[in-house]
Student: 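Structure provided below as structure tokens; questions to follow.
Remember, it's a predicted structure, so these values are computed and weren't measured experimentally. Each residue takes its place number in the sequence, starting with 1.
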Amino acid sequence: MSPLTAFFALPAPGPFVGRQRLLAALGAELARPSALVLLSGEAGVGKSRLVAESLPDSGLPVVVAHCDDLREPQPLGPLLDGLHVAHATGTLPPLRPPDLVAGALARLLPFLADRLPPPPAALPDLDAERARLLRAAGALLAALAPVVLAVEDLQMADPATLQLLDHLGANPVPGLTVLITVREHELPAGWQPGPAVRRLRVPPLTRAEVGRLASALLAGSSFGTHLYERTAGIPFLVEEVVRSVLTDGDVDAIRRNPDTLGDLAVPALLRDVLVARLDHLGEATREVLGAAAVLGQAADPRPLAAIVQTDEGTVGAALQQARTAGLLHQRDGRLWFRHTLARQVVHELLPPVTRRLLHLRTARLLEEQQPRPYARLAHHYREADSPADHVRNAEAAAELATARGDDATAARFLLGAVEYTGLPRPVRVRLAGKLGRSAIESVAQTSAIPVLRELVADRRLPPGARGELGLALGRMLRQQGEARAGYEEIERAVPYLRHHGRRARALAVLSAPDTVVDRHLTEHQARCAEAALAADRSGEPSAVLAVEIARLSLLLESGDPDAGRAVTAAAAGLAGHPRERARACLNWAQGALHVGDTALAATMLATGRQLVDEADYERLRPLVELTTFGLDLADDRRAGLEGRLRQFLTRPDRLPLAMADARLYLARLRHRQGDLDVAEQGLREVIAEADRVGAAWPLIPARTALAELLLARGAEAEGRAEATAALALVTGKGLPAWGRTAARLTSR
């Protein structure tokens, strides 16, 4: 039996019924080189059983990365834990000499440190550090291949694990097979499988299959109709109901007359099954089992004895009684609940007062551990209804996540903490400030925005906090594609920003002319001048640099004839600031595209791309891709462009702000390919959305492109109307360089 089969196997599992076609499909997928397969289905439907059945004949070693939302913040924690377990159980395959980048894992995998390259020096940029860690994980798995990586319960995955799956999809590792299980409709927020991931759904059993399973379990009886209606075809529930019948029912009577099952008190839900089974246990055993459900891990006697305040012998006897009753099973020498569903139900069956008390005792026990398990402490204190303790530990867990470069996990903890309406205002403001900083670049934005909006609307908010939170809210709204709302939020925040450097950066954002339709160039220029004054007062070189980059961007967008030479010289002068230089060059490349200077755009893009590749500035990579699409379209390089655009639009880590341009480019490309109906529909959708959010770009080029398409189709009046509308927007912005094509179309 393979390690994965042992990990997933149920005690005396029922026959494998109704899955042969699905098993064959999974086998075919696993036969592909560097296969990545995602199995989805309801809890208890048999995803793990299907995985276990698919692997015994492969002979491949298996590393199980079990996701857990109570795990302490640690990048790639599930993978690291899986490697540790494989090493401890002797199932880790031999490690060939890995690529040098694998040394980045040496400090995180001390048991492999002597076989890994020396740890490299830390990188100053957390983005680059995260990217290197992903490459290191891929290099280590390549050195262990052939191997299976089983990622279990993806719905609880940390952001780094999701990034690892994206990385493995984009950079296949020869000899690595990745199997993923996830509960149906519970993909992590903001994440979608990449194009390399094959998806298979594990459906419930049919009525006939439930009948065959029950018949096999009861040696020939057939009562599938009644059982199907009671279990909805979920195999785990079928097995539990049959187990209940075998324990408490008249099996001989059922065998003689299967229809009599309908007259028996056969539970329809797992809750009813477990209630009946728990009724046969003594009070002490039920208390221990409840504590085990609260603890949420293996049912280990020592911590359970401390939680229920009894001796280990009593706990051990209770656990064995629960095992005999079929509530627990043994795995790796420890007792576990047979299924997560069973543990959840036992937890829910606890009286509320008892449940809170057990969580409080568990938290007090965990307080003694070093290092402190902040994530688990936050969970148990929340369940114990102890807000102050929950907030204290959630904030500590968030700080730990931030220190390790995991902003999304930090935001998750902070969101849970800030939701208490009874928090003292200073505490809530402090938490919200941290939430604003951690959520600004993560998928937590959509959850953080309502929290920040509520706080900013509070008239009692201190002025300094109003400025900081308003700025964070405005930036998030802009990244979510809400151009006007974000711009106006930042405008309102500026007067309250006491820190000159922060004020300078906020004003620099407001100086960008491509953000909103109803601000003239002169307003953006005034904002830029204010930003320069604030930067000078701050004395911060980084603020001065940010404002200078914004000034040159504004010069370029306005069509100034000297802008090209100025940004070229500035790009060379930024050699000592690689991250700022990369971001500036990419912004200038986009600005050059806006005014039709493709030569300058190509030069700036080449420099920006090189810097991003060299330093792994992953957060800037979407901007590289987007600018490349625009330049390819401008130079009419169509080969493969549609596929790359479509793939970009399916990526879960692309913020809505970037998606609008990509949809514009795709619609324009389809126009050139002759697919006029689809192109027109795409352009109208871009226009409608850009008009709704008040985004000058891509509203102006989308209207211009639609005018071109309509005129090409012979719709002269409508085409000129669109061109006129685009030109009116250009005039309102005071940016004639944006309107050359629209002006030409109106004069036809």
Side-chain angles (χ1 to χ4, degrees), residues 34 36 63 65 71-84 95-145 147 149 151 157-174 176 178 191 194 196 400-410 438 441-443 576-583 586 608-625 651-653:
S34 304
L36 282 88
V63 173
R71 185 184 304 278
E72 295 305 304
Q74 172 65 65
L76 302 179
L79 173 62
L80 301 182
D81 285 354
L83 291 167
H84 185 273
L95 179 66
R96 298 186 304 278
D99 189 273
L100 286 177
V101 72
L105 291 171
R107 296 187 183 93
L108 301 175
L109 297 171
F111 55 89
L112 291 178
D114 60 337
R115 285 175 278 172
L116 292 175
L123 296 172
D125 184 82
L126 289 177
D127 248 2
E129 192 71 63
R130 280 193 295 268
R132 184 168 67 180
L133 201 60
L134 295 178
R135 295 202 317 275
L140 178 60
L141 291 169
L144 292 170
V147 67
L149 173 61
V151 182
D158 62 294
T161 298
L162 301 176
Q163 291 168 359
L164 175 63
L165 295 178
D166 288 338
H167 177 79
L168 295 176
N171 305 275
V173 174
L176 174 67
V178 182
W191 186 85
L400 181 60
T402 299
R404 291 173 173 171
D406 190 350
D407 289 338
T409 296
S438 64
E441 298 286 356
S442 77
V443 295
H577 306 275
R579 185 176 181 82
E580 290 78 3
R581 187 186 187 202
R583 189 180 293 276
L586 293 172
R609 179 190 286 117
Q610 181 180 355
L611 290 165
V612 169
D613 290 342
E614 288 176 352
D616 284 324
Y617 295 142
E618 287 300 312
R619 289 181 182 175
L620 295 182
R621 204 169 295 282
L623 191 53
V624 172
E625 296 177 76
R651 289 288 299 275
D653 55 343

Student: How long is the span from the CD atom in Gln163 to the CG atom in Asp158, to the nearest 0.5 Å?
Tutor: 8.5 Å
Student: Please identify each residue that fulfils side chain to side chain contact (heavy atoms under 4.5 Å, CB included) with Pro117, with sequence neighbours left out.
Tutor: Pro98, Leu100, Ala102
Student: Where is the tightest heavy-atom contact between Gly82 and Val63, given as atom of each residue plus distance?
Tutor: C-CG1, 3.6 Å
Student: Between atom CZ of Arg621 and atom CG of Asp613, what is the distance when rounded to the nearest 0.5 Å?
Tutor: 5.0 Å
Student: With sequence neighbours excluded, what pairs up with Pro120 under the side chain to side chain contact (heavy atoms under 4.5 Å, CB included) test?
Tutor: Ala104, Arg132
Student: Applying side-chain hydrogen bond (donor to acceptor under 3.5 Å, both in side chains), name anything that partners Glu614, two or more places apart in sequence or on another chain.
Tutor: Gln610
Student: With rounding to the nearest 0.5 Å, note down the distance linking CG in Leu611 to CD in Glu580.
Tutor: 11.0 Å
Student: If the condition is ring-ring contact (aromatic ring centres under 6.0 Å, His included), which residues does His84 pass it with, not counting sequence neighbours?
Tutor: Phe111
Student: Start with the C-alpha gap between Asp406 and Gln74, add the side-chain angles, then the distance that decides, and say whether side-chain contact (heavy atoms from CB on, under 4.5 Å) holds.
Tutor: CA-CA 8 Å; Asp406 190 350; Gln74 172 65 65; over 6 Å; no
Student: Would you call Leu76 and Leu134 a side-chain contact if the rule is heavy atoms closer than 4.5 Å?
Tutor: yes
Student: Would you name the heavy atoms of Val612 and Ala582 that are closest together and state the gap between them?
Tutor: CG2-CB, 4.4 Å
Student: Can you name the salt bridge (Lys or Arg N to Asp or Glu O under 4.0 Å) partners of Asp99, sequence neighbours left out?
Tutor: none
Student: Just jot down the side-chain hydrogen bond (donor to acceptor under 3.5 Å, both in side chains) partners of Arg135, sequence neighbours excluded, or say none.
Tutor: Asp616
Student: Does the side chain of Leu79 come within less than 4.5 Å of Leu140's, by heavy atoms?
Tutor: no
Student: Could you tell me which residues satisfy side chain to side chain contact (heavy atoms under 4.5 Å, CB included) with Arg115, sequence neighbours excluded, listed by chain and number?
Tutor: His87, Leu95, Leu112
Student: Sequence neighbours left out, what passes side chain to side chain contact (heavy atoms under 4.5 Å, CB included) with Glu72? Give chain and number order.
Tutor: Pro373, Tyr374, Ala375, Arg376
Student: So, for Pro172 and Pro174, which heavy atoms are closest and what is the spacing to 0.1 Å?
Tutor: O-CD, 3.6 Å
Student: Is there side-chain contact between Leu105 and Leu83, with at least one heavy-atom pair below 4.5 Å?
Tutor: no
Student: If every non-hydrogen atom of Leu176 is compared with every non-hydrogen atom of Leu149, which pair is closest and at what distance?
Tutor: CD1-CB, 4.0 Å
Student: Between Arg619 and Asp407, is there a side-chain N and carboxylate O pair less than 4.0 Å apart?
Tutor: yes
Student: Would a distance-only check, ignoring hydrogens and angles, find a side-chain to backbone donor-acceptor pair under 3.5 Å from Ser34 to Val173?
Tutor: yes
Student: Closest approach of Gly138 and Leu168, non-hydrogen atoms and distance?
Tutor: CA-CD2, 4.3 Å
Student: Can you tell me how far apart CG (Leu623) and CD (Glu625) are? Round to the nearest 0.5 Å.
Tutor: 10.0 Å
Student: Which atom pair, heavy atoms only, marks the closest approach of Asp166 to Trp191?
Tutor: OD1-NE1, 3.2 Å
